[in-house]
Amino acid sequence: MIHLAIKYFIRFGQLDIPSVGQLKLLKKEAELIDGVLKSPSEFIEFETNAGTPSKQFYQFLGNALDISADQAAIQYDQSWESKFENDQKVMIGNLGVISKTDGTYTWESHFTSSQFYKDIEVGNLPNSEIFETELTAQKNDKWAIWAIALAVIALLAILFKQ
């Protein structure tokens, strides 16, 4: 059951664990700071709460197991009940470990996107606003040319028609 939950998490970026918490895949966009293009980053955040999975999740499980969504909900809840009885650690695939110590759940992530993305030094770039205004002016010039050409063709068509 957990392997299906991991597939759902990888596909949709969110996984609710009943009476434990919620895993979320968060992404940070790349940004340019002082001539260095900072790499995008992805990380898994764990929030402790007593949230319940969505209907979409139960439908996903039901389709994968070929059972109804209600049966999938019951089986999913039961599969997590016995996991944390004796302050055990539960592996969530290769992504990390959820552990329970003294009634508190903690997340230890094994996923680091920094090994895939590196910062890039690009130096000083010209002001992009200048280029945007030049491109807008060029586009306006092209529209004027097309408008004049269309007017000339229309006048020629009218003259030849008569």
Side-chain angles (χ1 to χ4, degrees), residues 1-136 138-139 142-143:
M1 183 72 64
I2 293 178
H3 68 283
L4 291 174
I6 294 168
K7 285 182 181 181
Y8 180 85
F9 175 74
I10 291 170
R11 186 169 180 188
F12 296 104
Q14 181 175 331
L15 177 65
D16 290 302
I17 302 169
S19 303
V20 176
Q22 182 181 61
L23 293 174
K24 289 183 181 180
L25 180 64
L26 300 176
K27 299 176 182 185
K28 182 181 173 193
E29 299 288 327
E31 58 185 345
L32 184 64
I33 300 175
D34 298 329
V36 176
L37 184 62
K38 299 290 183 180
S39 63
S41 63
E42 298 176 352
F43 54 94
I44 300 171
E45 183 178 89
F46 177 68
E47 294 178 6
T48 55
N49 61 12
T52 58
S54 65
K55 288 181 183 179
Q56 177 186 5
F57 174 71
Y58 289 134
Q59 289 172 347
F60 175 85
L61 277 183
N63 288 338
L65 297 171
D66 199 24
I67 58 177
S68 71
D70 294 333
Q71 291 173 334
I74 292 168
Q75 289 182 14
Y76 182 69
D77 290 348
Q78 288 174 350
S79 70
W80 283 103
E81 284 178 3
S82 62
K83 299 290 185 197
F84 297 107
E85 287 178 350
N86 299 322
D87 291 345
Q88 298 172 344
K89 293 183 178 183
V90 177
M91 291 287 295
I92 306 294
N94 298 0
L95 303 174
V97 176
I98 296 178
S99 59
K100 179 182 177 184
T101 50
D102 300 327
T104 304
Y105 296 99
T106 56
W107 168 254
E108 179 185 342
S109 181
H110 296 164
F111 176 74
T112 56
S113 64
S114 62
Q115 66 188 11
F116 302 110
Y117 307 115
K118 301 292 180 199
D119 293 344
I120 300 172
E121 187 162 338
V122 292
N124 293 333
L125 295 176
N127 190 348
S128 63
E129 291 177 11
I130 294 172
F131 290 118
E132 287 177 9
T133 55
E134 288 177 6
L135 288 174
T136 304
Q138 289 175 358
K139 286 181 183 177
K142 289 180 183 177
W143 281 107

Engineer: Apply side-chain contact (heavy atoms from CB on, under 4.5 Å) to residues F9 and L95 and explain how you reach the verdict.
Structural biologist: CA-CA 10 Å; F9 175 74; L95 303 174; 3.5 Å; yes
Engineer: Applying side chain to side chain donor-acceptor pair (under 3.5 Å), can you list everything that pairs with S109, at least two apart in sequence or on another chain?
Structural biologist: none
Engineer: Quick one: CD on E45 to CD on Q14, what's the gap to the nearest 0.5 Å?
Structural biologist: 11.0 Å
Engineer: What's the shortest heavy-atom distance between L61 and A72, and which atoms?
Structural biologist: CB-CB, 3.8 Å
Engineer: Using a 4.5 Å cut-off on heavy atoms from C-beta on, say whether the side chain of L32 contacts that of K38.
Structural biologist: no
Engineer: Provide the closest heavy-atom pair for S99 versus K89 in the form atom of the first, atom of the second, distance.
Structural biologist: CB-CG, 3.6 Å
Engineer: Hey, what do you get for CD1 (I92) to CD1 (I44), rounding to the nearest 0.5 Å?
Structural biologist: 9.5 Å
Engineer: Under the salt bridge (Lys or Arg N to Asp or Glu O under 4.0 Å) rule, collect the residues that match up with E31, sequence neighbours excluded.
Structural biologist: K28
Engineer: Please report the shortest heavy-atom distance between I6 and G93, naming the atom on each side.
Structural biologist: CD1-N, 3.2 Å
Engineer: Taking it one step at a time, do H110 and V97 satisfy side-chain contact (heavy atoms from CB on, under 4.5 Å)?
Structural biologist: CA-CA 8 Å; H110 296 164; V97 176; 3.7 Å; yes
Engineer: Could you label the plane-to-plane angle of the F60 and F57 rings as parallel, tilted or perpendicular, counting under 30° as parallel and over 60° as perpendicular?
Structural biologist: parallel
Engineer: For Y76, which residues count as a side chain to side chain donor-acceptor pair (under 3.5 Å) partner, sequence neighbours excluded?
Structural biologist: W80
Engineer: Once rounded to the nearest 0.5 Å, what's the spacing between atom CD1 of I98 and atom CH2 of W107?
Structural biologist: 5.5 Å
Engineer: Go through the structure and list residues passing ring pair (Phe, Tyr, Trp, His ring centres under 6.0 Å) with F46, not counting sequence neighbours.
Structural biologist: none
Engineer: Distance check, rounded to the nearest 0.5 Å: N94 atom CG versus F111 atom CZ?
Structural biologist: 11.0 Å
Engineer: State the CD-CG distance between Q71 and D66, to the nearest 0.5 angstrom.
Structural biologist: 10.0 Å
Engineer: Run V20 and V90 through side-chain contact (heavy atoms from CB on, under 4.5 Å) and show every step you take.
Structural biologist: CA-CA 12 Å; V20 176; V90 177; over 6 Å; no
Engineer: Using a 3.5 Å distance criterion without hydrogens, assess whether the side chain of D119 forms a donor-acceptor pair with backbone atoms of S39.
Structural biologist: yes
Engineer: So how far is it from D77 CG to Q75 CD, rounded to the nearest 0.5 Å?
Structural biologist: 10.5 Å
Engineer: For S68, what residues pass the side chain to side chain donor-acceptor pair (under 3.5 Å) criterion, not counting sequence neighbours?
Structural biologist: none
Engineer: Run the salt bridge (Lys or Arg N to Asp or Glu O under 4.0 Å) test against K24 and tell me which residues pass, sequence neighbours left out.
Structural biologist: E47
